[in-house]
Protein chains: 2
Amino acid sequence: MTSLSKPVASKPSGRRGRPPAAAGDALTRDKIVATALELLDQHGLAAFSVRDVAKTLGVYPAAIYWHIPTRNALLAELVAHVLRDLNPKCAVAAWQDWLRELFIGYRDAIRLHPNIAPLIGAQLVSNASMDFDLMERMLQVLSEAGFRGQRLIAAFNVVIAAQVGFVTLEFAPAPAEDPAGWAEDMQRLIGSVTAERHPLLAAHLPRMANRSFTLRWQNGTVISLDSHFTAYIETVIAGLERLASQIN
Amino acid sequence: MTSLSKPVASKPSGRRGRPPAAAGDALTRDKIVATALELLDQHGLAAFSVRDVAKTLGVYPAAIYWHIPTRNALLAELVAHVLRDLNPKCAVAAWQDWLRELFIGYRDAIRLHPNIAPLIGAQLVSNASMDFDLMERMLQVLSEAGFRGQRLIAAFNVVIAAQVGFVTLEFAPAPAEDPAGWAEDMQRLIGSVTAERHPLLAAHLPRMANRSFTLRWQNGTVISLDSHFTAYIETVIAGLERLASQIN
DNA sequence: ACCTGAACACCGTTCAAGT
DNA sequence: ACCTGAACACCGTTCAAGT
């Protein structure tokens, strides 16, 4: 993680100041992040509030703001925390295998905290939560694949975009208000498909209901889309192979 | 658009009730959506509020709730409105060309209202804003490409995910609070790259600064990533060609 | 049917004041 | 340095009441 805008954390300044009340009572940035992540996991982004984090920590809301500049900064911190340690092993593998490992590792990380998903692509700040080591390694891998110069950068962006795309959709949250009613609406809608007007859709409906991105009422936390994700990875890698071969 | 959860709009019920005050003064669902979209375009999602929509329309906040059940429903309506008329011409083109047209059309639609981007993948409701005609056509196109049965559904999801991925990132909003300071932070961070520790990154930095997804301080509304997007499309299509050929 | 007017239960954030 | 306590300017949403 790149840790932008982290307040300069003016060094402990030696002696002065009472010791933390009961050894574990001191409010720290880490403790705030941990608690915030728990709350996000439990209740989702829609219900997430700084005040709630404060209450859970047994502290006044304003206390949070001593350690963290803003709600958005806290959320960005959560993204960085969830995506830390993403770097695939630098083993001898082919570039294709490295990319596979990256994609799968990314999805697994999000799977542990799926409610973070809507934040990932949604803000430039969270886009930036990738460390230099990982970027360097990715450039290296794509160079091995045959990309040079301008096209190396393009390939880089293609990989980042692909990495985020499927998983964001897979774990998009269902509506908070009245999910049951919404599921009914969706199923009624699906029931309105007719073989006359939409023959292919009607034919594949059993396989698509609650599985295709446009016809789901539950997300990837309930209905996992493993085989589709594998197809996605292989599509992107095969596409990159072809693109690389066209250049040289 | 699928128009889930639209309140049944109980039919005008004949005669009763005074006529709308000054002919154009009647508050309608369409007028609310239009105003909401304007406000979203102007001030972004972070600043968007139902109360603001009401104020702009010269009406009490509660008046909105007669026409629209909730803020989220309104946002979903905006997504549907922006993505309406996405269906590429059903011309005789090859399936590859149809997909190209779809991807480009989707990006162009978002480009007209870029502040909608963070909403697109972020909620299941907005995932559902795709009409049956478009889905049927896509299944048809992917059948032409050679996908059948289970793999047809996988290919369908691959295309949807790919369609959303790049564009969501490209138009991810910069932080609302102090964007200038954030840009400085980002540039300072970029300045800290060293050729010793990250040689490839250092070498390509001029081309990556504000262009690569992980090193930007401005989004696609300012810095367009056209050539990268083209590379992205071609990667996905080439990947699908390969995947389809592996099956048969 | 459709809107007013007021209220409820929240927010994020700021700031003086304490220790 | 770090937190309390209170306040400010907002929210989304509900509901009785008007017309």
Side-chain angles (χ1 to χ4, degrees), chain A residues 5 7-32 35-36 39-40 43-77 175-178, chain B residues 5 7-32 35-36 39-40 43-77 175-178:
Chain A
S5 79
V8 218
S10 48
K11 59 203 77 170
S13 80
R15 211 130 309 273
R16 211 73 46 73
R18 51 145 189 220
D25 283 20
L27 193 57
T28 66
R29 201 182 173 85
D30 285 348
K31 237 185 275 188
I32 292 172
T35 303
L39 289 174
L40 183 68
H43 307 117
L45 183 61
F48 182 86
S49 83
V50 176
R51 291 182 106 101
D52 217 19
V53 174
K55 191 193 292 181
T56 306
L57 285 164
V59 98
Y60 276 74
I64 304 290
Y65 286 87
W66 177 260
H67 300 272
I68 280 172
T70 143
R71 177 194 140 104
N72 274 343
L74 176 52
L75 291 175
E77 203 79 14
E177 62 246 352
D178 188 24
Chain B
S5 78
V8 217
S10 48
K11 58 202 75 168
S13 77
R15 210 131 309 275
R16 213 72 46 71
R18 52 149 189 219
D25 283 19
L27 192 57
T28 65
R29 201 184 173 84
D30 285 349
K31 236 185 277 186
I32 292 172
T35 303
L39 288 174
L40 183 68
H43 308 116
L45 183 61
F48 182 85
S49 82
V50 175
R51 292 183 105 102
D52 217 18
V53 175
K55 191 193 292 180
T56 306
L57 285 163
V59 96
Y60 276 75
I64 304 290
Y65 285 88
W66 177 259
H67 301 271
I68 280 171
T70 143
R71 178 195 139 105
N72 274 342
L74 176 53
L75 292 174
E77 204 80 13
E177 63 246 350
D178 188 24

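The basis for the numbers below is simple: all heavy atoms, side chains too, and nothing from hydrogens, waters or symmetry mates. Sequence lines set the chain letters: A, B, ... in the order given, protein chains first and strands last, and positions in each chain run from 1. Small disclaimer: the values here were computed from a predicted structure and weren't measured.
For the pair A:I64 CD1 and D:dG5 P, the computed distance is 15 Å after rounding to whole Å. As a whole-Å value, the separation of B:E177 CD from D:dC10 C1' is 16 Å. The distance between atom CG of B:D52 and atom C1' of C:dC11, rounded to the nearest whole Å, is 16 Å. Distance CG (A:L57) to C1' (D:dT4): 15 Å, rounded to an integer number of Å. When rounded to the nearest whole Å, the span between CG of A:L74 and C1' of C:dC11 equals 15 Å. Across the protein-nucleic acid pair, B:L45 atom CG and D:dC11 atom C1' stand 14 Å apart, rounded to whole Å.
Across the interface with DNA chain C, nearest-nucleotide mapping of B:R51 and A:Y65 shows B:R51 to be the residue nearer the 5′ end. Toward the 5' end of DNA chain C, the nearer of the two residues B:V59 and A:T70, judged by each one's closest nucleotide, is B:V59.
In a base pair of the Watson-Crick type (N1 to N3 plus N6-O4 or O6-N4) or a G-U wobble (N1-O2 and O6-N3), with each distance short of 3.5 Å, C:dG12 is matched with D:dC8. Across all strands shown, C:dT19 forms a Watson-Crick or G-U wobble pair with D:dA1, both key distances being under 3.5 Å.
Picking from D:dT4, C:dG5, D:dA1 the nucleotide with the shortest atom distance to the side chain of A:W66 gives D:dA1. Closest to the side chain of B:L27, out of D:dT13, C:dT4, C:dC3, is C:dC3.
Remark: side-chain polar atoms of B:H67 are paired, donor with acceptor, to backbone N or O of B:L27 under 3.5 angstrom. Here the side chain of A:R71 pairs a donor or acceptor atom with the backbone of A:F48 at under 3.5 angstrom. Judged purely by atom type and a 3.5 angstrom limit, B:K31 uses its side chain to pair as donor or acceptor with the backbone of B:A26.
Listed pair A:Y60 / D:dC3 fails the phosphate criterion, with no side-chain N or O lying under 4.0 Å from OP1 or OP2. Listed pair A:H67 / D:dC3 meets the phosphate criterion, a side-chain N or O lying under 4.0 Å from OP1 or OP2.
Using a 4.0 Å heavy-atom distance criterion, B:R71 is classed as a sugar-phosphate-only contact.
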